[in-house]
Structures are given as structure tokens and as C-alpha cells.
Amino acid sequence: MIARKKRTILSLATGTFLGALFLALVLLLSPSPVARSEGDVLAHLRFTSHAQVAAWVAQGVDVWEVRDGYALAHLSPPQTARLRNAGNIIAEQPLPAGYASYPECYRTFSDTVAFLQTLSDTYPSLVTLYDLGDSWEKTQGWANRDLWAVRITNAAIPGPKPSIFVASEHHARELITPEVAMRLASLLTEGFGSDPQATWLLNEREIWLVPMTNPDGHVQAEHHEDWRKNTNTSDDTCPGHSSPNSFGVDLNRNYGYGWGGIGSSTDPCNETYRGAAAFSEPETQAIRDFVTAKHPNILLSLHSYSDLILYPWNSTLTAPPDEDGLRALASRMARYNGYAYGQPARLLYPVTGDTTDWAYGTLGIPSYTIEIGGWDDGYFWPACTRVTPLWEEVRPSLLYAAAVADSPYDRAHGPDVSNIQVVSSTLAGTLGNMESLTVTAQIYDPDGGAAQVAAAEVSLDRLAPAGTGQPLAAMDGHFDQAGEFVGGNLSLPSALQAPRLLFVRGQDQEGHWGPPSAVWVYPASKGYLSYIPFVALSAP
Ligand code: 0X9
Ligand code: ZN
């Protein structure tokens, strides 16, 4: 079961620190990371198939990205020699400036724990902290690191509510991913009560975030290590102790759905070492146990980099049973950042044992890997100036996922809403004041496709279940286009006293209701949703 976090996080672990000492000595006595990577290069590799890339990955080649025509990989001198002989190297360059840096704006593991604690202290009715389990080093008694999760929701409105689960940083060096999770937490909590979108999402949804799935690995990264895996040293015979030859288990190869196949390695020193058995690691056990118990409606596994949104299957191009829905949701999440979306065996390389195949294959949860950032964003170590832009480019994808969590595949086929305008007027009546709200909005298929809008509806305060709100009419008299202006009137039995949330959503001719948009309505004023939904939060 999930342990609800009470007050103190930072009590020191008891148990032996000999192991920790050993790990520290290994790292201290090894040459500095820069010297350790001496002779390493970043190479452009020619490939003929994505299966060939998967084979390199399984052999320990540290593939950073896959583009049309070549893969970019960090190679050790023996790997360089081997691939040069095989004729695969198109170009070689030194490791980039910024390699294995830890820009000071990125929160450390301790900063992250403190941030989550402060967040739950500051917003006790919105944020609950949970300890999902131990890191590998904690299981050894070497360190006191847990997999911390926060649930963000307005607890004053009881559940059950549709939920999304965002797991960041299975791979330690993917530093942008915990920052994105924490930015989302800040955005929602700070916006609650003022921003209509943040407010409705916390009223109607649960957002679960694990900013650091790999806390031990994150601490390695803090020490300027190019670190991907956890820090399990059980089979440590690795020369150099650093990428691409480090100990540890690749947590994104350790899940138990199709574990042990393509794109994963049996060699403990390889970057894609799958572990001794499926779910051998405490970190993947913790995520498995939580996701199984909670069964969120959508799972997002945040990685970097490559500007991609990937859905199952991860090992093959066979279509998953829900391909149509998975693809529709990927397309909607990708629409404002232009990320490519699809199955990784086409866009990247096939792998087995990853998080999303397990969550989708075992539990049927719509599950995505989002690879944040592009080739010019500083690889795994984006400069501080890139953090906000990268967060902003992925933000709409996350907000959209939260909005459609009640019925992901269905909503993702449905239309969007913008330009909600509400004119409210207080009418004096014999029994007291009444309020009349005139609502207009635009309903449209964001793909600009052929699906006609068939209906629209409005609800006040709470999001009505799809199809149960008050109908709005097509302003031109007919629902017969992919975009429609809609309108209608709501009469309230008493005058508006305080701002209230008003929801509008639309349905297409195939019966798919899209996600709602919400605005505040004020006494005798105009609520106006002028922004594009999910791109930005607006001032009240
Ligand atoms: O290799 C991975 O685990 C992910 N890429 S990363 O650069 N963040 O390490 C991709 C996992 C998505 N699935 C497949 N590539 N099949
Ligand atoms: Zn990754």
C-alpha cells in the first residue's frame, strides 16, 4: 500500500554506511569524469534499420538521438574503432561543451524533497506527499532516498476523480524532466482559485507526479556524472565506472512486460542493462505497485531528448489494440509543440522492459514516453536559459492529458473550445434579483479535419458528465461544419455574488465529446477565454 507521508522527511537512515563509503571511494578514486571520457567522441552513425540501432543500444552504445539518416551516439574508443571498421561512422566530434554539467538552476535531490514538502505545507488542501518506496541505495542502508510522489487535487471536492500519473527521470541525466514535473506542480497550485484552467483541473482531476524516479542516479548527476541508470553495484565489474561503462540497472528496461528482449542488454556495464530479472529494482517495484493500486487513467513517462511523443508497442511495429485512440491523443498532445509522435520502432529504436509497455500491456493504461527537447537544446544538460522554454513547450501536452483523463481516447477525437464569452446581467424581479448569462463559444476540430461539430453544452460550477450539460445551439442554425459558433442562455435563480466556473464543451458527429474549456463568470461582467486552450493559463 501507499504510505501517506506525515511530517519529517529528513531523518537519517540507520544501517551501515560502509556501502556508501565504498561507492564514494569508487567515485573519488576514479579519475575525474572529464578524464574518464578521454578519447570518447560523439559520432554520427549511419544505420540501415531501426533494429540495427536497437542492436547497438543492446551492445552498450549510448545512443543520444536518432534522426533521419543517422544516429548520434557517445562512443568509447573501442566502440569507435569497432564501428569505424564496420563503416558506420559518418562523422566524429568531441563531446559537446556542457557535457555532464549540472547547471545550478536544476534542483538537487534534497532541493526536490524540500520543494515537495514546502508545497504540501503551503497548500495542504491541494497537495499530499506520498512515499512510494526506497531507492536501491536505501535498500542497502547506504543513503536515505525515497521515491516521492505528490497528488495534486482540490481535496475539498471528494473523489474519485480521473487521474494522470507523470513519472519523471527514470534516467538520471535527463535533468529537464524533474524540473518539468515541478513546474507543473507550481503552475497548478499557484493558479488554483485564480486561473480557471488550474482551478477546474484541481477540482475535477487528480494529478500525480513523481519528479525523481531515480533518486540515486540523480545524485550521481549532481556530481557532474553522465549518469543514466540507477546505482545498483551488485555486478560492478565495469571499467571506468562512467558512461558508457557504468554500473547500475537501466530502470527503463526493468519493467516486466516483455522483459529481456530487443534493445536491452545482459551486460551489467551497458547503459541499457535490464537487471537480473524483471522488476529486480526497488524503483521499478515502487512504480509498479503504485500504478497497479492507483490505476491512473493516463501515464506519462518523461524523458529527454528528441522532441517525441511515443506510444506502445515499444518493441515492435505491431499495432496496439487501441492504436487509433493512442494515436489521436498523441496527436493532440503534440499539436502545439510539433513533437513527432508514433511508435518508437519507427521513430527511435525498439526496446523491451520499458515503463509504458508494461502500464499499457498489463493494465491497459494509455501510456506515453515524452522525449523533451531537441538536438539544439543542450543534449541532456540544457542550459538554465532553456529550462523555461522547454517547460513551456511541453506544458500544453501535460495540461491536455489532464483535461481528457476522464475518457482519453474519446476526448482526443472530439473538438476543442475557445473564445468563450459570457455576458452576465442582473435582473430585478418581484422575488429578488436573478442573473441571466448569455454564453457564446467556438467549437472546432483542431485538426481542421472533416469531423463536423454535432452538439455543444454548458455547465456551471462543476463539470457535468459529457452529454448531461445544458445544450447550446449552433448560432447559424445548423450543426454542419468542422467549426461552429454556439450560444445559449443560462438563468440563475439569484444574482451572482462571487465568481463561478463555467464550462463549455463540444461533440463531433461521431459522438466524441472533446475536453471542456472553462472561464470565470463575474457579476455583471464578461468571462472571455481568448487564449488557445492548454497553451497558457490566463489571468482571471
Ligand atoms: O531508451 C529509452 O529508454 C528512451 N530514450 S532515452 O533517450 N530517454 O533513454 C526511449 C524509450 C522509448 N521506447 C523506445 N525507444 N522503444
Ligand atoms: Zn530516458
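Both counts, for ligands and for their atoms, begin at 1 and track the order of listing.
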Is a donor on one side and an acceptor on the other found under 3.5 Å between the side chain of Thr189 and the backbone of Ser186?
yes
Can you name the residues that come within less than 4.0 Å of ligand 1, going by heavy atoms only?
His171, Glu174, Arg228, Asn252, Arg253, His303, Ser304, Leu310, Asn314, Pro344, Leu348, Tyr349, Pro350, Val351, Glu371
What pair of heavy atoms forms the shortest contact from Arg82 to Gln59, and how long is it?
NH1-OE1, 3.3 Å
Side-chain ion pair, Arg253 and Asp357, N-O less than 4.0 Å:
no
Nearest heavy atoms of Trp227 and Ser246, plus distance in Å
CH2-CB, 3.7 Å
Under-2.8 Å neighbours of the Zn ion (ligand 2), protein N/O/S atoms only:
4
Identify which one of Asp354, Thr355, Asn252, Asn214 satisfies the side chain to side chain donor-acceptor pair (under 3.5 Å) criterion when paired with His170.
Thr355
Should the pair His218 and Tyr102 be assigned to parallel (<30°), tilted (30 to 60°) or perpendicular (>60°) ring geometry?
perpendicular
Mind checking whether Gln79 and Trp56 have side chains closer than 4.5 Å, heavy atoms only?
no
Electrostatic pair Lys138:Asp216 at N-O distance under 4.0 angstrom:
no
Is Arg288 positioned over the aromatic face of Trp358, cation under 6.0 angstrom from the ring centre and no more than 45 degrees off axis?
no
